[in-house]
Amino acid sequence: MEEQATDVDLLASESEVQEYWQKNRTFEVTENSTRPKFYCLAMFPYPSGQLHMGHVRNFTLGDVIARFQRLQGKNVLHPIGWDAFGLPAENAAIKRNIAPATWTRQNIDYMRGQMKRLGFSFDWSRELATCDPEYYRWEQWFFTRMFKKGLVYKKSAWVNWDPVDQTVLANEQVIDGRGWRSNALVERRQLEQWFVKITAYAEELLAGLDTLSGWPEKIKLMQRNWIGRSEGVEMTFPGIDGEGVTVYTTRPDTLMGATYVAVAPQHPIALDAARNDASLAQFIEECSHVKVAEADMAKLEKRGMPTGRMVRHPLSGESVPVWVANFVLMEYGSGAVMSVPGHDQRDWEFAKKYDLPIVQVVAPKAGSDERCDIAQEAYVSKEGVLVNSGEFDGLDFGAAFDAIATALSGKGLGERQVNYRLRDWGVSRQRYWGCPIPIIHCEKCGDVAVPDKDLPVVLPTDVEFEGVGSPLRNMPEWRNTTCPECGAPALRETDTFDTFMESSWYYARFESSHAESGMLDERSRYWGAVDHYVGGEEHAILHLLYARFFHKMMRDEGLVESDEPFVNLLSLGMVLKDGVKMSKSAGDAGDPQFLLDTHGADAVRMAMMFSAPPEQSFEWSEHGVESAARWLRRLWSTVEQHLEGPDPVGLDRSVLTDELRELRRLTHETLSKAEDDYGRRLTFNTVVSAVMSLMNQVHKTDASAPQARAVVREALEVVVLVLSPITPHVSHQLWQRLTGDALENAAWPPVDDSALARTSVEIVIQVNGKVRGRLEASPGASQEELEAQALALENVARFVDGKTVRKRIHVPDKLLNIVVS
RNA sequence: GCCGGGGUGGCGGAACUGGUAGACGCGCCGGAUUCAAAAUCCGGUGGUGGCAACACCGUGUCGGUUCGACUCCGACCCUCGGUACCA
């Protein structure tokens with residue numbers, strides 16, 4: 001039936017549809033709808049210059065969900081904005097001598113154009129950029145609330161310091177221990193910085209995960225592990241000739257096997273000991289030339305040195321040496337650990353290396369088949385019982401934990417304690433391109449919050465930025481101010497916020513778009529939590545945890561009502577290019593512009609959706625785009641040819657041929673599958689393939705008879721509608737032609753269950769689990785019936801004859817397995 | 001190092017609850033159309049053996065559970081993401 005495809009100009013057609021959307025403000029939403037609300041949000045992008053295929057995937061997936069929910073009759077909020085502060089703008093400023101603000105605004109303009117070209121159904125009236133004073137003003141306002149509440153404090157923390165550029169470096173700017181521009185050996189330095197007490201919410205952040213049934217288990221598991229709640233004992237090893245050392249352990253049962261104590265290189269006891277020990281001082285100095293990152297610390301060769309100090313074992317009273325170890329983190333716990341080389345592999349290796357004693361205090365229970373040879377490796381199991389532990393011998397893990405904790409408590413040297421791996425959130429950045437921290441330092445009054453009436457503290461944008469030193473520190477006219485409390489001359493804080501601050505609440509601001517009366521307004525009550533949040537799996541921990549934390553702080557401030565910001569989460573795999581993730585640091589690899597210009601937005605969107613299911617990472621290849629465009633042109637010409645025929649007659653189900661019944665069954669199966677894939681499974685690749693299969697069937701159908709035309713018409717309408725979330729431009733045009741109505745008025749049609757009924761099913765016949773034949777049977781055929789027919793099949797008989805049938809497994813309407821011996 | 005994923009034809013992937021492995025598409029091969037080509041349409045396509053019917057092998061590796069394993073369990077290899085200052 002195929003004629004040659006008419007040459008449809010997909011590109012011209014797309015700009016026509018986009019003009020229509022713009023003119024009709026099709027996707028702008030208000031809060032007074034009677035339809036149920038649905039808030040769909042894809043993680044907003046950093047304006048790095050141009051979109052890459054990772055963005056295309058992210059926003060297409062969000063758009064598909066938004067458009068599907070509209071077809072389901074929801075009032076859909078689908079906003080977009082820009083995570084506009086950040087490091088790359090400063091890098092660009094240095095490299096190209098362009099102000100960060102100018103560079104950022106230019107990038108936003110270009111990327112907005114690309115997004116419009118991709119046909120995303122955003123409500124553009126709600127667009128925001130986090131570098132707008134109108135936006136960050138409320139972040140500053142909120143920070144001062146938290147400051148007054150005591151959720152914000154200052155403490156000293158480590159940074160990577162570039163001694164040549166006189167600047168703090170991000171971890172990614174430190175390459176092999178050297179500054180990326182200066183190539184200077186980076187040092188660790190301590191600076192006074194602002195922290196927000198996320199640990200105060202650790203328990204709630206952990207418990208809240210159990211309520212998030214719409215989140216992938218793997219994300220919740222990662223967050224649980226990140227928070228890292230543990231139950232243990234904090235105890236002190238009293239000093240002999242100086243200070244004692246406090247340690248935290250989750251294995252107090254092994255305490256009698258502690259043969260030394262290891263402290264971080266920056267631990268006070270280490271620094272003190274180094275004063276009279278040049279080689280120790282040298283060792284500590286060497287340890288300071290490691291990047292602040294945990295991964296780098298952990299990959300270090302484990303090294304240590306004795307401090308010469310001794311402490312007393314809290315129970316045995318024996319002298320225990322204190323060592324400095326480069327793998328002990330000052331910022332975790334008390335910066336010291338008790339070392340039990342018999343029952344901790346890392347301690348075991350350290351003890352072997354430095355010839356420290358290894359004592360076994362736990363042994364496998366009698367009759368256990370656990371391996372235990374302290375000479376070869378540490379025995380780390382919690383299944384054993386205590387030995388060599390005096391009065392505690394014979395106790396298992398639980399009993400020993402209790403007994404030793406009680407003994408320590410009795411001596412006043414230790415207490416049970418719940419500990420978290422989670423650390424407080426350091427929000428200070430020694431950067432220019434960020435939101436100014438709204439604090440004023442007064443010599444008399446200390447750190448004072450900027451009063452509401454003086455907000456926002458606007459970041460000056462007319463700066464010379466060279467990447468050396470801090471521009472804000474060098475701007476006395478900005479920095480010098482007066483104390484809001486006493487009126488004396490005072491200085492502004494020159495640090496800016498971590499950009500995770502801005503991305504922790506933007507979802508809420510979209511709801512109360514452009515509110516001038518406050519951070520959020522009553523519109524946030526209508527929209528509530530984000531119903532579906534879409535974004536890359538690389539944000540599984542930091543961004544999503546900070547946003548959950550921020551939401552709870554906003555709730556406790558009376559700004560939002562829900563406990564969690566994101567009801568459902570779709571965590572996307574990476575789009576890889578040559579095996580690595582696409583990101584701003586990967587340059588402009590994967591700019592979709594050329595593909596948009598040659599094949600159009602629908603083809604790019606369809607190819608992207610068809611490539612892989614959302615959670616999966618995959619290597620991007622352009623090959624699918626051309627074939628998607630070809631497929632869409634063919635769909636178009638098929639619809640056109642259909643419309644050239646006579647007007648359709650009404651569908652009469654009672655007179656359909658088997659072939660037409662089959663096509664109708666496939667049509668309604670596709671409809672049913674697509675609804676499930678869009679709404680529940682979120683696998684849009686399988687929607688595309690189901691629709692392709694249906695079209696293959698349409699092409700095989702002889703559509704000359706009136707009833708055939710009616711069945712084909714139904715199939716074409718289903719194809720156009722079902723595909724419309726993915727290919728909105730083509731669907732818009734074809735729906736108009738098929739139905740005479742606008743696509744945005746369309747509703748998802750009901751599945752006709754009667755069309756789904758089958759007249760016969762294929763049964764697979766197995767012998768001993770191997771497929772030996774198939775047969776057609778009526779649905780519901782009995783096992784006896786099927787077995788008789790099966791044994792009549794030559795190939796089945798061949799494997800059964802001369803053997804004894806031992807068992808039959810029957811899966812109704814699917815399979816019969818005959819087990820013989 | 002630690003935490004969390006992933007590994008299926010030449011390629012992207014499908015198989016949803018333990019029940020036909022490879023749907024759908026790309027690529028490739030053959031055919032139609034064409035003076036010829038492009039475009040388009042039709043057909044074939046996991047490997048090995050066989051004229052064929054069909055058989056054997058096959059979902060990273062090794063082992064286990066089961067009538068039956070891509071799917072469940074154990075060990076390992078490779079790979080990707082995160083690792084608190086990239087966002």
Practice item. Could you tell me whether the phosphate oxygens of B/rA14, OP1 or OP2, come under 4.0 Å of any side-chain nitrogen or oxygen in A/N685? Key: yes
Exercise for review: Name the nucleic acid region contacted by A/F618, choosing base, sugar-phosphate or nothing; use a 4.0 angstrom heavy-atom cut-off, strictly under.
Suggested key: sugar-phosphate
Check your understanding: B/rC3 phosphate, OP1 or OP2: any side-chain N/O from A/R421 under 4.0 angstrom?
Key -> no
Practice item. Give one of base, sugar-phosphate or nothing for A/F327, where a contact means two heavy atoms less than 4.0 Å apart. Key: nothing
Practice item. Respond yes when some side-chain nitrogen or oxygen of A/K814 is under 4.0 Å from OP1 or OP2 of B/rG19, and no when none is. Key: no
**Study point:** A/K700 bridged to A/E662 by N-O distance under 4.0 Å
**Key:** no
Review point. When the P atoms of B/rC41 and B/rG49 are considered, how many whole Å apart are they?
Key: 35 Å
Practice item. Could you please name the partner base of B/rG58, counting Watson-Crick and G-U wobble pairs only when both distances are under 3.5 Å? Key: none
Practice item. Looking at every strand, decide which applies to A/Y332 at a 4.0 Å heavy-atom threshold: base, sugar-phosphate, or nothing. Key: nothing
Check your understanding: Base, sugar-phosphate, or nothing: which does A/V691 touch, judged by heavy atoms less than 4.0 Å apart?
Key -> nothing
Exercise for review: May I ask you to verify if any side-chain N or O of A/N795 is less than 4.0 angstrom from the OP1 or OP2 atom of B/rA55?
Suggested key: yes
Check your understanding: So, for A/Y506 and A/F44, is the gap between ring centers shorter than 6.0 Å?
Key -> yes
Point to revise | Nearest-Å distance once atom P is located in both B/rG46 and B/rA32 | key: 24 Å
Check your understanding: Quick one: is A/N171 getting a side-chain N or O under 4.0 Å of the B/rU83 phosphate, OP1 or OP2?
Key -> no
**Study point:** Contact check, side chains of A/Q223 and A/R548, non-hydrogen atoms, under 4.5 Å
**Key:** yes
**Study point:** Considering all heavy atoms, the nearest A/D424-A/F195 contact
**Key:** O-CD2, 3.7 Å
Check your understanding: With a non-hydrogen cut-off below 4.0 angstrom, is A/I809 in contact with a base, only sugar-phosphate, or nothing?
Key -> base
Check your understanding: What nucleic acid atoms does A/L422 come within less than 4.0 Å of, heavy atoms only: base, sugar-phosphate, or nothing?
Key -> base
Practice item. Can you see which heavy atom on A/V575 is nearest to which on A/R57, and at what distance? Key: CG2-CD, 3.5 Å
Practice item. Pick base, sugar-phosphate or nothing for A/Q766, based on heavy-atom distances below 4.0 Å to the nucleic acid. Key: base
Review point. At under 4.0 Å between heavy atoms, what does A/Q193 touch on the DNA or RNA strands: base, sugar-phosphate, or nothing?
Key: base
Exercise for review: Indicate, with a heavy-atom threshold strictly under 4.0 Å, whether A/K299 touches base, sugar-phosphate, or nothing.
Suggested key: base
Exercise for review: Could you tell me which non-hydrogen atom of A/K291 sits nearest to which non-hydrogen atom of A/V174, and how far apart they are?
Suggested key: NZ-O, 3.2 Å
Review point. If you look at every strand shown and take non-hydrogen atoms under 4.0 Å, does A/L542 touch a base, only sugar-phosphate, or nothing?
Key: base
Practice item. Mind checking A/V764 for me? I need base, sugar-phosphate or nothing, with any heavy atom below 4.0 Å counting as a touch. Key: base
Review point. Does A/K673 have a side-chain nitrogen or oxygen under 4.0 Å from the phosphate oxygens OP1 or OP2 of B/rA23?
Key: no
**Study point:** A/Q616 (side chain) and B/rG5 (base): donor-acceptor pair under 3.5 Å
**Key:** no
**Study point:** Pair of N/O donor and acceptor under 3.5 Å linking B/rC85 base with A/R431 side chain
**Key:** yes
Review point. Side-chain N or O of A/N225 less than 4.0 angstrom from OP1 or OP2 on B/rG4?
Key: yes
Point to revise | Side-chain N,O (A/R630) to OP1/OP2 (B/rC26) below 4.0 Å | key: yes
Check your understanding: Does a side-chain N or O from A/S611 land closer than 4.0 Å to OP1 or OP2 of B/rG12, or not?
Key -> no
Exercise for review: Mind checking A/E615 for me? I need base, sugar-phosphate or nothing, with any heavy atom below 4.0 Å counting as a touch.
Suggested key: nothing
Review point. Using a cut-off of less than 4.0 Å, is there contact between a side-chain N or O of A/R772 and OP1 or OP2 of B/rC56?
Key: yes
Practice item. Taking only the side-chain nitrogens and oxygens of A/R429, find out if one of them lies under 4.0 Å from OP1 or OP2 of B/rC85. Key: yes
Exercise for review: Please identify each residue that fulfils side-chain contact (heavy atoms from CB on, under 4.5 Å) with A/T499, with sequence neighbours left out.
Suggested key: A/F85, A/E502
Exercise for review: Under 4.0 Å between any heavy atoms, over every strand shown, what does A/A295 touch: base, sugar-phosphate, or nothing? Just pick one.
Suggested key: base
Check your understanding: Donor-acceptor pair under 3.5 Å: do we get one between A/E172's side chain and the base of B/rC85?
Key -> no
Check your understanding: Could a donor-acceptor pair under 3.5 angstrom be found where the side chain of A/R808 meets the base of B/rC67?
Key -> no
Check your understanding: How would you label the contact of A/P613 with the nucleic acid (heavy atoms, under 4.0 Å): base, sugar-phosphate, or nothing?
Key -> sugar-phosphate
